[in-house]
Amino acid sequence: MSTKRSIYQILFEAKSIDDVAPVPKTLTYIILGFWTFVCLFPLYWLIVTSFKIPIQVHDGPMYFPGIDFKPSMHAWYYIFVDLGNDTLRPYFNTIIVSISSSIIAVVIGSMAGYALTRITYQPKLGSVLMFIGTLVLTVISVVWLGLAWPIALASGLALYVVMLTTVGRRFKKSLHNNDIAFFMISQRILPPVAVVIPIYVLFQRIGLLDTHAALIITYTAVNLPIVVWLMRDFFESIPMDLEESAALDGASRYRVFFTIILPLSKPGLAATFLLVLILCWNEYLIALFLSTANAQTLPLLVAAMNATRGPQWWYMAVVIIIMITPVIAITIVLQRFITRGLLIGAVKG
Amino acid sequence: MKVQLKNITKRFGDVVAVNQVNLDIKEGEFLVLLGPSGCGKTTALRMIAGLESIDEGDIYIGDKRVNDVLPKYRDVAMVFQSYALYPHMTVAANIGYPLKLRGVDKTERQEAIINTARLVRLDELLDRYPKQLSGGQRQRVALARAIVRRPQVFLMDEPLSNLDAKLRGKMRAELKHLQHELGITTIYVTHDQIEAMTLAQRVAIMSQGVLQQINTPKNIYNDPDNLFVAGFIGSPTMNFLNGELEDGDFVMTGCRIKKVGKGSRENIILGIRPEDMQIIANGESQIQAMLYSVELTGDQTIVTAKLNEIDLTVREDKDYSGRIDQMVQIRVDQSKIFLFDAASGKRIRYET
Amino acid sequence: MKKRLAAFSEWADMRAPAVFILPAIMVILMLAIFPLIVSLYLSLSRFKFIKGGFSLKFIGLLNYKKLLVGSQQFHFLGVFGKLTVLEIGILILAAVLLIVWLVRYFRSGRLSIIGVLGRLILTTGVLALTWLILLTINQNGYPGTLVVTIFYVVFGVLIQFLIGLGLALLCAQRIPGRNFFRLVFFFPLMVTPVGIAYTFRMLVDTTIGPFTPIWEFFGWGAIPWVTIPWAARWVILLGDTWQWTPFMFIVLLAALENQPRDQVEAAIVDGASGWQIFRDITWPAIIPVCVTLILIRLIEAFKIIDLPNVLTNGGPGIASESLTLHSFMAWRTLDLGGSAAVAYMLLFISVFFAMSFVNFASHRLKDA
Amino acid sequence: MNCFKHLWGRPITVVIIMSLLFLSPLLAGPAHAGKYDGVTINIMTFTGPQIAEPLQRRAPEFKKLTGATVNVITVPFSDLYTKLLTDWATGTNSIDAAVFAPQWMADYVGPGYLEDISTRIAKDKALELDDIGEFFREFSMKFGGKTYTITLDGDFQIAYYRSDLLKKAGMKPPRTWDDYLAIAKKFHGQDMNGDGKPDYGSCISKKRNAQAFWMITSVWGGFIQAKGTSEGAFFDLKTMKPLVNNEAFAAALDVYVESTKYGPPDEINLDVGDTRGLFTSGRCALSVDWGDIGTLAIDPKTSKVQDKVGAVILPGSKKVLDRATGKLIACNSSRCPHAVNGINHAPFAAFGGWSGGINAAAKQKVKDAAYDFFSYMSQPAQSNVDVTIGITGFNPYRISQFENLDVWIKAGMSRQAAEDYLVAIKASLNSPNMVLDLRIPQNQRYQQIVLDTAIARLLAGEITKAQCMQEIENGWEEITEELGRKEQLKAYRATLGR
């Protein structure tokens, strides 16, 4: 126990607990600074590129507007004035689609997540398998035998109900909440390309192609697992007493859920909502399949800037910039929520 | 090893958590830092441990100034309120961890673990994980982990507060015995005065970051330095009466107690402990009050009487009986009276 | 009327369990299970446009056969080289290790049908993949989209996790400005993957990219990374890392900050160094978060498409093509059956990986 | 079906009303009395500015004339083909007409998605059909003898060179591929734009899954097709055997691979946009491309090489394929009837030029309006302006367009540059030996998957030349077998007018 510190200690050991020693501190800042550069440089390059005219892009790199090249607003002008509505429409679409589907997903997903934490479900394994079997049969009869799909669906449903009331009673083995939760979460494993073609046909049949509705429904389905996953754990951390006392006071389950549970889970809801919003906002593949003109979203606009002439870097940069600006703004405001909400899901998941 | 705090101050933003505290802790002493929650006692303890930096003042452990010494070089051990056991380590691993960090070899470590475990009666539980233990057992693990490496100083942060009353009493006794046996300087933080009184050789009372009084438990009880200490120590708490001094007599509406001090003075608070008052049937009494409630606690009866809306608590023996709403005569043991200056809260002492 | 309402609300309350969960189940059934079944059928058939619509001809496992042993084998599995002695050695080593692991399990006495089955599948799967990887990445072989995807997933997740953890540890220190870093490090996650792909395409371009002059300054000249298979794959991984490290970072940082402060302080007082605290206290505490986190990323990483599609279009040759891209390209030329078959193979592989990882990790977790 | 309509009627109405409300600012405009008042045509093409820009620009003019609203819907280029096909095949029919590559006709005409416009075109005087280049008139717009599309853009590839450099070096523009390689070799590594850094001999877009498979076809055309367009350059006309595993194809591959040596280091990842950018910023001596470079090169916003660009018909070969033996033989008058100075040129109408086609399932009135719109776009008054603007992506396809120099000079070309550029186009457009792009059903799989992948692997060094040729042959044969050899052969012959 000596107060005299060796050189090693001076360099590598902090003086007190609130302090960081010079060498680790310097290293920390170097690394963090480097990663800041890594994170920001691509964004900087986008901004710079958005002010270049084509020849300035193709003529090799130029770094500083006003210093090594003369900035031009032509790309901004093209996106906002020339394209005008063709920019604004996808923008509004993206806003409408991502916000509504995020809200729906959060509501439906938290209902399911809540139910899975508080209500015990015991669906019989046999009836579940039977249901899937009937579904397979229905699909086959539509696709293969060319049966009209409303008929097939109705008869399939009828068949299932009949079977459930007769054979269904004998099933013993049943599933539990965790199985259901796992089933929901496992949907996230599906590669979108595997399911997007049938979804396209589905929406085409019910006449919803190229509408906001199609995208909203699909995004809701894609993001439900995440919501269920995150919210389930959030609800688990809410003490039971609250609900029980409300139930004793005569509140229905719905009232308990909407007036007690949801307000209590605000941070979790906010974080989940944001995460889902970001995912919807940036989604490309499904939007590509399901939208043509009316419901086109921004990621498509980005990809669209890759014309036969090759990528129109300058336009693309503008589109990407206007696309990320609102998300970054929201994130700056609500960042703490994201961290917390994400954590609870991940820690307990 | 002795520990000295010289004028230490700690600020968190605008809040002064510890304000110019001076403490002198002797070698082998068991010192309790007592105070209500938020009084800065835990901060002071953490500053001794090195877990908080020191804004002003100096801390000495032994003869070394340790302001700029990292915790690991201070050779202190700390028991946390939450025990801070490592959940993924067995009891044995938890206890042995400080030794492992010091590079003690395995056989030696094993021996130390077993010895220490035996000392705190954990030898049966060495293979369990913390979550498989009861509160008291966890507490003992935390203790064992502190003991195992025989530090210069023990620091304990409300180690018993998470236990139930019965277990707390038992652990208190064990702790005291252990400390006595090991003879290691111990600084113990608590908000529980009974713990403080029973464990400490000396008690240091803190309030709002300021050290109020430091003395033996007995002296603190019998000779509080100020209003805060007087009110904080003792259960039921001391009765306080606001009034003034007239030629040595304490006067307030409906009450006059003679010869408690000297001279005349306004804004005086008179303090008297419940056990130093007595309800008398007849004879000379200083206070007349209305009986408000009578509570039998077993070996004694706590009587509350009202005097001008002020509650007076009197401790009577268990046979006392009285009717509520009846006027009673209370006699005060004048030699046990404390006088305080109402403005500063300071004790007014007279040379006798 | 009022009575009726009360009766209704009571009835509704009784049905609450169904009402709560049915919307979610319905949506998933309609948009995940149903399409999945249709896709399965699609993968077993040949799609063709005919007058006034399209036809599906059932062809059994032909689409799969094509991938595994037929004309698309080079594309999916890769070109097989000849194993060298060293590689045979590695293979034998892997086999021995797996068998030892199996035997240990059988000796443990805690046998269950699912456990045995799962372990057998795991063993065969791991062996087959090892063999495939060795066979295709050796000198004469050439990896197909399967191996390339596994490369992206394994290395991507690993690198992102390590960088994310490192940054999170640095940012968890009490240093000024950490809120700034936290925010900035989160940005890449905001950018749409297509946008990231194009941005990186611009950045790494040898003629218009901003880094070429720097390389030239150091005398390395323009590196034609796109003509070197491994370079192309790493560049794609670079973009992927740029985007997904923030996710790892933010969750790990939250986990670190959520860790009981007492435990760390206890270790500090006991004299642990920074590294010891991390190894003995922090790391065990955040393992559960890490497991979940890696699992999430694992699942998502298998779907990588935008980066290889835009950065290299899968080139040079097929060097950087991922399974999703493979499937997407087949879809684009309306080979829907082939596309669905690839997608299904991808599904099997990701399920296999996710399951194995969960098995492996939960084993570790229980031990702790 | 009815019952479902009933079921879904209401939400659909709501959605439609919502989207109408949303789109109302777009739809609103001053009313005109016209032939097609109230008619809306949804035309799909890929995202501009190229191709989409002139459509969008001309739409208000057309509305003023006729009252029809033209709604241009754009999707990314790579998705256009599938988007159209799925829309029409599944019966969605939200797209009334499209501007697409005539190459895709095979897949669109077969199932009957495209409207036969033969009679309309015959009656249409304003279109001045005779002014359109013969190749487009006779091959590109037709399928199986009937006309389905109106050409809006002339697409064939030509070779570009830096006229200033060649003049300084005293070299002639390339006539054969050997010349091309020689020039590329000479200039590779020299500084050509004055920035002190070495530049490249030849820039050809070779990116996979983009447009590279047209580039290789441009090279092999001259080696394989010699007897006129109807000889075909992809398959044997009797057996449907691919013409890819022979000496001529090998020679073409040699040229292609060697040209990579004189290109930018990441040439195999360059899309045409990139190579055009490089060429117009003065960093390449040679390039093979569609007509776009010519117009881009005169635009100061994109070009550093104004007046320094020359163009020639695609280089040819003195030796061509003997289809009987698979060997390369020297040209003679019977094998190469169209050879110039003993060199067989086969300009490649890669893509075939963006053309307008109409959905057969659209409403009659909409079809009429759509036809009139395409006709309007193609009429010389409009077309002659559009082809000179770089950003339109339209390249000349009318005879009047290369005979009338004034149009080009007005657009900013110097007389010399305009002459060079137009000579190349004229030579190509007039060539009876133009190579017709592959137009059989599922040609995308033949070209974009099999050919493209094999060439990409060859360039990446994954496989040898022989393996590459074998892979293409096997892949093509597999698809042919899968779809039916007879049907495919019939379709192939039909596209070649046989």
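In what follows, every chain begins at residue 1, and chains take the letters A, B, ... in the order their sequences are listed. These values consider heavy atoms only, across backbone and side chains, with no hydrogens, waters or symmetry-generated copies. What you see is a predicted model; the values in this text were computed from it and never measured.
- Proximity to chain C (any heavy atom under 4.5 Å) is restricted, for B:L85, to the backbone atoms N, CA, C and O.
- Other residues, nucleotides and ligands place more than 12 heavy atoms under 6.0 Å from the CD atom of B:E56.
- Panel note: side chain B:H88, backbone C:I281; no donor-acceptor pair is recorded below 3.5 Å.
- The two residues C:G271 and B:L101 have their closest heavy-atom pair at C-CD1, 3.9 Å.
- Counting heavy atoms of neighbouring residues, nucleotides and ligands inside a 6.0 Å radius, atom CZ of C:F352 exceeds 12 of them.
- Side chains of B:M78 and C:E265 form no contact here, defined as non-hydrogen atoms less than 4.5 Å apart.
- Other residues, nucleotides and ligands contribute over 12 non-hydrogen atoms within 6.0 Å of the CG atom of B:D105.
- No more than 12 heavy atoms of other residues, nucleotides or ligands shown are found within 6.0 angstrom of CG on B:D127.
- Closest non-hydrogen pair, B:P98 versus C:D270, comes out as CG-OD2, 3.5 Å.
- Taking chain C as the reference chain and counting heavy-atom pairs below 4.5 Å, the highest number among B:R149, B:M89, B:K100, B:Q81 is found for B:R149.
- Atom CD of B:Q208 has 12 or fewer neighbouring heavy atoms from other residues, nucleotides or ligands inside a 6.0 Å radius.
- Heavy-atom minimum distance, C:A267 versus B:Y97: CB-CE2, 4.3 Å.
- Here the closest non-hydrogen pair linking C:Q263 and B:P87 is NE2-CD, 3.4 Å.
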